[in-house]
Amino acid sequence: MSTKNKIIGLLEQNRSSYVSGQELADQIGISRAAIWKIINQLKQEGYEIDSSNGKGYLLKDSNDILSEEAIRLHLDSSLQKNKIIVKNSLESTNTFAKILGMESAEHGTVVVANEQTKGRGRFGRTFFSEAGKGIYLSVILRPQIGIDEISFSTILTVVAVMRTLRRFTTQNLEVKWVNDIFSDGKKVCGILTELMSDVETQGVDFLVAGIGINFNAKDEDFAKEIRNIAGSVFCADADRNRLIAEIVSELLRVFDHYDKSSIIEEYKSYQLALGKRIIYTKNGEDFEGIAQDITQDGALVVVNDEGKVQELHSGEISIKMKSN
């Protein structure tokens, strides 16, 4: 770990409290002059640090710069050795993570970016990924599941994210099947789970769980064409570093130990479409029906206008708005 990263770690551990230059120097093993120089470099990089004669240095609560040290500080103790990669900018955290996975990156490897220049959603869509306005996160997973169980990994990811967000916000969060999280009718989070399969064993080599959350973003932060459909999560008691750590910890707990039936019941409890009229696409054709249930495999059960029961295992739905 570099000297600069060690200083960031110590400041994060003592956030909202002053740490003397001498204490930093003693713990790291360099001079106070070197500490002063690195602190100034951090300020130039955007870190909000208060310097006070006689007190030392304080990392302000308002500081929201992503760092490995700050994320690791809030991770479960069992995950302290996990690889965490933080980049200022990436085309896509999922794309970067897939490359790492093919290079044998371990289960639980985390990739985070401050912005994505080509953020990806389902069906090849782009995902709003403005610098500093969201959480753009991918986790490499190597679960012991078959290819036929891959759709359930998306449900596990959704549940982990929902559990975490609900601990830190009072917003009413709901899930639109399969994997979008909404608040007050606007999408605040998208999840993209991708797999790399083993051709010989017909099993899953690894998964990448990609999570994009609009975080503390104002309406004017969104492009005009998406302001009416894109919303944001607001958390008073967590910055991005802590929320990332909490999501990763919950995600790995869920994947390592879960009961499928209870996960499905929890997933169902988050659904905003159940009991409502929806529009859905099947075999390239649009239909309407009432969303009734979620099966144990995560399929959406719909009763169409002809009274026929259908199970949707993939695809996309929209909720039919009531006409006046």
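In what follows, every heavy atom counts, from backbone to side chain, and hydrogens, waters and symmetry copies are set aside. Not measured: the values here are computed from a predicted model.
- Asn214 places no side-chain N or O within donor-acceptor distance of the main-chain N or O of Gly134, the cut-off being under 3.5 Å.
- Counting heavy atoms from C-beta on, the side chains of Phe168 and Arg242 come closer than 4.5 Å.
- Heavy atoms only, all atoms of each residue included: Leu251 and Ala209 are closest at CD2-CB, 4.3 Å.
- With respect to Lys260 and Asp297, a salt bridge is recorded, a charged nitrogen being found less than 4.0 Å from a carboxylate O.
- With hydrogens and angles ignored, the 3.5 Å screen pairs no side-chain donor or acceptor of Arg277 with any backbone N or O of Lys320.
- Across Arg166 and Leu173, no two heavy atoms sit closer than the pair NH1-O, 4.3 Å.
- Using a 4.0 Å cut-off between a side-chain N of Lys or Arg and a carboxylate O of Asp or Glu, Arg72 and Glu69 do not qualify as a salt bridge.
- Applying the ring-ring contact (aromatic ring centres under 6.0 Å, His included) test to residues at least two apart or on different chains, the pairs with a partner in residues 277-319 are Tyr280-Phe287.
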Practice item. Apply the test side chain to side chain contact (heavy atoms under 4.5 Å, CB included) to residues Met162 and Tyr267: give CA-CA distance (whole Å), side-chain angles for both, the deciding distance (0.1 Å), then the verdict. Key: CA-CA 9 Å; Met162 283 290 288; Tyr267 180 68; over 6 Å; no
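- Leu165 places a side-chain heavy atom less than 4.5 Å from the side chain of Ile213.
- Counted by atom type alone, Asn304 and Glu288 present zero donor-acceptor pairs between their side chains at under 3.5 Å.
- Contact annotation: the side chain of Thr3 approaches that of Ile28 to within less than 4.5 Å [non-hydrogen atoms, C-beta and beyond].
- No side-chain heavy atom of Asn82 sits under 4.5 Å from any side-chain heavy atom of His107.
- Sorted by first and then second residue, the ring-ring contact (aromatic ring centres under 6.0 Å, His included) pairs with a member in residues 47-95 form an empty list; sequence neighbours excluded.
- A side-chain donor from one of Thr169 and Gln171 sits under 3.5 Å from a side-chain acceptor of the other.
- Checked by atom type, the side-chain pair Arg240/Asn216 shows no donor-acceptor distance below 3.5 Å.
- Asn172 has its side chain out of reach of Ser183: every pair of non-hydrogen atoms, C-beta onward, lies at least 4.5 Å apart.
- Evaluation of the ring-ring contact (aromatic ring centres under 6.0 Å, His included) rule for Phe152 yields Tyr258 as partners, not counting sequence neighbours.
- Taking each heavy atom of Ala245 and Ile71 in turn, the nearest pair found is CB-O, 3.2 Å.
- The heavy-atom pair separating Ile35 from Gly21 by the smallest distance is CG1-O, 4.1 Å.
- Residues Val301 and Val178 fall into different hydrophobic clusters, defined by Ile, Leu, Val, Met, Phe, Trp and Tyr side chains chained together at heavy-atom separations under 4.5 Å.
- Taking every heavy atom of both residues into account, Ala97 and Ser138 meet most closely at CB-CB, 4.0 Å.
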Check your understanding: Is there a salt bridge (Lys or Arg N to Asp or Glu O under 4.0 Å) between Glu250 and Arg253 once you walk through the steps?
Key -> CA-CA 5 Å; Glu250 186 68 51; Arg253 281 196 296 268; 2.8 Å; yes
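- The shortest distance between side-chain heavy atoms of Ile317 and Ile279 does not fall below 4.5 Å.
- At most 12 non-hydrogen atoms from other residues, nucleotides or ligands lie less than 6.0 angstrom from CD of Glu106.
- A donor and an acceptor atom, one from each side chain of Gln27 and Glu23, are located under 3.5 Å apart.
- No side-chain donor-acceptor contact under 3.5 Å links Thr295 and Glu311.
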